[in-house]
Amino acid sequence: MNFDVEYYRRDFPALQRTLYGRPLTYFDNTATSQTPKCVVDAIESAYYNSKANVHRGVHTMSQEMTALQEAARERVRGFINAESTEEIIFTRGTTEGINLVAACMGDSFKDGDEVIISVMEHHSNIVPWQLLQRRKDIKLRVIPMDECGVLNMDAYRGLFNEHTAMVSVTHVSNVLGTVNPVKEIVAEAHRHGVPVLIDGAQAISHRKVDVRDIDCDFYAFSAHKMYGPTGVGVLYGRKSWLEKMPPYQGGGEMIAHVSFDHTTYADLPFKFEAGTPDFVCIAAMHKAIDYMESIGIKRIEEHEQELLKYATERMAAEFPQIRIYGNAPVKDAIISFMLGDAHPYDVGLLLDKQGIAVRTGHHCAQPLLESLGLEGVARASFALYNTREEVDRFIAALHRIEPMLL
């Protein structure tokens, strides 16, 4: 595969730094990716040249900023193949998108209704439904998985009944890397007339996402995991559902008319975008999508898969005491592991002293870790700018710390 990773690395100034006298090896991409210079330049340009509130002014700068934000909305629409920009809602990130759906869809739930989630969900796709339980007497039904980290689809099909109101599952596990069969999940739910929300935070930068092909009703993701700015995300919602849902928050922008007696709401998507948005970072998100697509999503995926295979094979061959969690046949570039009985925090700390950044802990997926009999794991995750040489440094570092910990 012709993938000039060194060429792309030059776009990411953070990768040029050193830690403790060693070159930085950034393997914490599942938590957040690094940002290319073109995205930061877009932020700087907007702040210095076009910063004015959107949709609220007739003056030139307001019109310019509005055009940048709405161009970004159209860019996102095309990127995920949504039917209309009315279905693209800007949020603060995946978490807010899921909370929006849980709150607004949950408004119509009845006591006794049930929501199906999976054992591998991030807390952001568990706690919002539990918050709904404070208002409604609803029940969570959990899809189990096998020892490889693959969802039990027979068990999933058995969870549906006349009380099932919603399915909400992750596209890719942030711990196991498992790529869930979301098209199959959606098709089964729709067979029962049940809408589906997909948490796409871990999928959006690693594989092509087509919401119409998946046929999901909602899809949430964050810009900061796809080489974009922090504090911005997207909720895709099928128009027919968004039209039925009440607003999530009240305030400016989301109204058509306000009086002390009655308020009418703005058309989609503005009905769900109360207040001043982060229009600068929304505009910069456009540049992040442009950057990814200039490289090619498929090429990024192939490069990351090659790194995943190389790192997994070396870890398994060279470290008999390493246990890797998540061995699904379809998996994204995430390796969660235990080095013998060493505490993940100690593994992460010692790797950091050698310039290697990995994530440790429960990764906001405590129910999943508990199902594995663990409190935490170390996690290495790859992005388009990572290299085989960095994997070699990671393996060498593991060899150095192994005798210190075991």
Side-chain angles (χ1 to χ4, degrees), residues 8-17 24 26 28-55 61-62 64-80 82 85 88-100 122 124 174 199-206 209 219-236 253 269 272-295 297 300 357 359 364 381 383-386:
Y8 300 121
R9 285 177 66 85
R10 292 197 289 268
D11 297 329
F12 296 86
L15 301 181
Q16 311 311 313
R17 69 174 296 185
L24 168 66
Y26 187 79
D28 193 20
N29 297 285
T30 295
T32 195
S33 61
Q34 293 301 313
T35 310
K37 189 174 184 298
C38 62
V39 173
V40 179
D41 288 346
I43 294 172
E44 180 183 70
S45 176
Y47 270 121
Y48 286 163
N49 300 304
S50 302
K51 188 190 177 190
N53 216 329
V54 294
H55 302 132
M61 287 178 64
S62 177
E64 288 174 348
M65 200 70 242
T66 298
L68 287 171
Q69 173 170 301
E70 294 311 307
R73 198 186 305 273
E74 169 57 27
R75 190 69 176 92
V76 171
R77 184 211 63 76
F79 184 59
I80 63 173
T85 53
I88 305 301
I89 299 165
F90 289 122
T91 66
R92 291 179 298 153
T94 308
T95 298
E96 185 174 52
I98 296 172
N99 274 273
L100 188 159
H122 190 279
S124 294
N174 73 311
D199 171 357
Q202 299 303 335
I204 195 68
S205 65
H206 303 288
V209 170
Y219 196 97
F221 57 94
S222 303
H224 74 94
K225 295 181 188 291
M226 50 188 289
Y227 312 103
T230 59
V232 171
V234 170
L235 173 67
Y236 158 79
E253 191 73 17
F272 293 101
E273 294 181 352
T276 298
D278 191 345
F279 46 77
V280 169
C281 286
I282 288 170
M285 184 183 187
H286 188 160
K287 293 298 182 183
I289 294 173
D290 287 348
Y291 183 81
M292 290 174 60
E293 291 208 319
S294 72
I295 299 170
I297 304 300
I300 293 171
R359 180 72 43 167
C364 293
S381 52
L384 70 88
Y385 41 65
N386 291 127

S.K.: So, S62 side chain and N53 main chain: donor-acceptor pair closer than 3.5 Å or not?
M.R.: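 Between the backbone of N53 and the side chain of S62 there is a qualifying donor-acceptor contact (under 3.5 Å).
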S.K.: Rounded to the nearest 0.5 Å, how far does CD1 of I80 lie from OH of Y219?
M.R.: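 Reported value, rounded in 0.5 Å steps: 8.5 Å.
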S.K.: When rounded to the nearest 0.5 angstrom, what distance separates CD in E70 from CD1 in I282?
M.R.: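 It comes to 8.5 Å.
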S.K.: Could you go through the side chain to side chain contact (heavy atoms under 4.5 Å, CB included) check for V76 and F221 one step at a time?
M.R.: CA-CA 11 Å; V76 171; F221 57 94; 4.0 Å; yes
S.K.: Enumerate the residue pairs fulfilling side-chain hydrogen bond (donor to acceptor under 3.5 Å, both in side chains) with a member in residues 222-233, sequence neighbours excluded, ordered by first and then second residue.
M.R.: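 Listed once each, the pairs are T32-H224, T94-S222.
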S.K.: For M292 and I204, work out which heavy atoms get closest and say how close.
M.R.: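 For M292 versus I204, the nearest heavy atoms are CE-O, 3.8 Å.
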S.K.: Looking only at non-hydrogen atoms, find the nearest pair between A223 and P229 and report the distance.
M.R.: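 Reported closest heavy-atom pair: CB-O, 3.4 Å.
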S.K.: Can you check whether F12 and Y291 have ring centres sitting under 6.0 Å from each other?
M.R.: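 When the ring centroids of F12 and Y291 are compared, they turn out to be within the sub-6.0 Å range.
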S.K.: So, does N49 use its side chain to make a donor-acceptor pair with the main chain of A46 at under 3.5 Å?
M.R.: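 Judged by distance alone, no pair lies under 3.5 Å.
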S.K.: Any chance you could lay out the side chain to side chain contact (heavy atoms under 4.5 Å, CB included) test for F90 and V234, step after step, and finish with the verdict?
M.R.: CA-CA 5 Å; F90 289 122; V234 170; 4.1 Å; yes
S.K.: Compile the donor-acceptor pairs under 3.5 Å between side chains in residues 283-290 and protein atoms, sequence neighbours left out, one pair per line.
M.R.:
from	atom 1	to	atom 2	distance (Å)
D290	OD1	R75	NE	2.5
D290	OD1	R75	NH2	3.1

S.K.: Parallel, tilted or perpendicular: which fits the ring planes of Y26 and Y385, with parallel below 30° and perpendicular above 60°?
M.R.: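 The arrangement is tilted - the two ring planes meet at 30° to 60°.
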S.K.: Side chains of H122 and Q202: do they bring a donor and an acceptor to under 3.5 Å?
M.R.: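 No, no side-chain donor-acceptor pair sits under 3.5 Å.
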S.K.: Is there a side-chain contact between H55 and Q69 in this structure, where contact means two heavy atoms from C-beta onward sitting under 4.5 Å apart?
M.R.: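 In contact.
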S.K.: Considering non-hydrogen atoms only, spot the tightest contact between A383 and N386 and give its length.
M.R.: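 Closest approach of A383 to N386: N-OD1, 2.8 Å.
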S.K.: Start with the C-alpha distance between I300 and H206, add both sets of side-chain angles, then the distance that settles side chain to side chain contact (heavy atoms under 4.5 Å, CB included), and finish with yes or no.
M.R.: CA-CA 7 Å; I300 293 171; H206 303 288; 5.6 Å; no
S.K.: Check whether any side-chain heavy atom of P269 lies under 4.5 Å from a side-chain heavy atom of I89, and answer yes or no.
M.R.: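 Yes, their side chains come closer than 4.5 Å.
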S.K.: Less than 4.5 Å apart, side chain to side chain, heavy atoms only: is that true for I43 and Y48?
M.R.: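 Side chain of I43 against side chain of Y48, heavy atoms only: no contact under 4.5 Å found.
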S.K.: Taking atom OH of Y8 and atom CD1 of I295, what is their separation to the nearest 0.5 Å?
M.R.: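 Separation between the atoms: 5.0 Å.
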S.K.: Going from OG1 on T91 to CD1 on I98, what distance comes out if it is rounded to the nearest 0.5 angstrom?
M.R.: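 Atom-to-atom, T91:OG1 and I98:CD1 are 9.5 Å apart.
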S.K.: Report the residues that fulfil side chain to side chain contact (heavy atoms under 4.5 Å, CB included) with T85, sequence neighbours left out, ordered by chain and then residue number.
M.R.: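 With sequence neighbours excluded, T85 shows a side chain to side chain contact (heavy atoms under 4.5 Å, CB included) to R73, E74, R77, given in chain and number order.
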S.K.: Who passes side chain to side chain contact (heavy atoms under 4.5 Å, CB included) against A31, sequence neighbours left out?
M.R.: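 Only D28, R359, R379 meet the side chain to side chain contact (heavy atoms under 4.5 Å, CB included) criterion with A31.
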S.K.: Say you draw a straight line from OG1 of T66 to CE of M61; how long is it, rounded to the nearest 0.5 Å?
M.R.: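 So the OG1 of T66 and the CE of M61 are separated by 11.5 Å.
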S.K.: Out of curiosity, I297 CD1 to S205 OG, how far, rounded to the nearest 0.5 Å?
M.R.: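 So the CD1 of I297 and the OG of S205 are separated by 8.0 Å.
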S.K.: Sequence neighbours left out, what passes side-chain hydrogen bond (donor to acceptor under 3.5 Å, both in side chains) with S381? Give chain and number order.
M.R.: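 Here the qualifying residues are T30.
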S.K.: Would you list the pairs meeting salt bridge (charged side-chain N to carboxylate O under 4.0 Å, His left out) in which at least one residue belongs to residues 90-99, sequence neighbours left out?
M.R.: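 Sorted result for residues 90-99: R92-E96.
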S.K.: Please tell me if the side chains of L68 and V54 come closer than 4.5 Å, counting only heavy atoms from C-beta onward.
M.R.: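 Of all side-chain heavy-atom pairs linking V54 with L68, none is under 4.5 Å.
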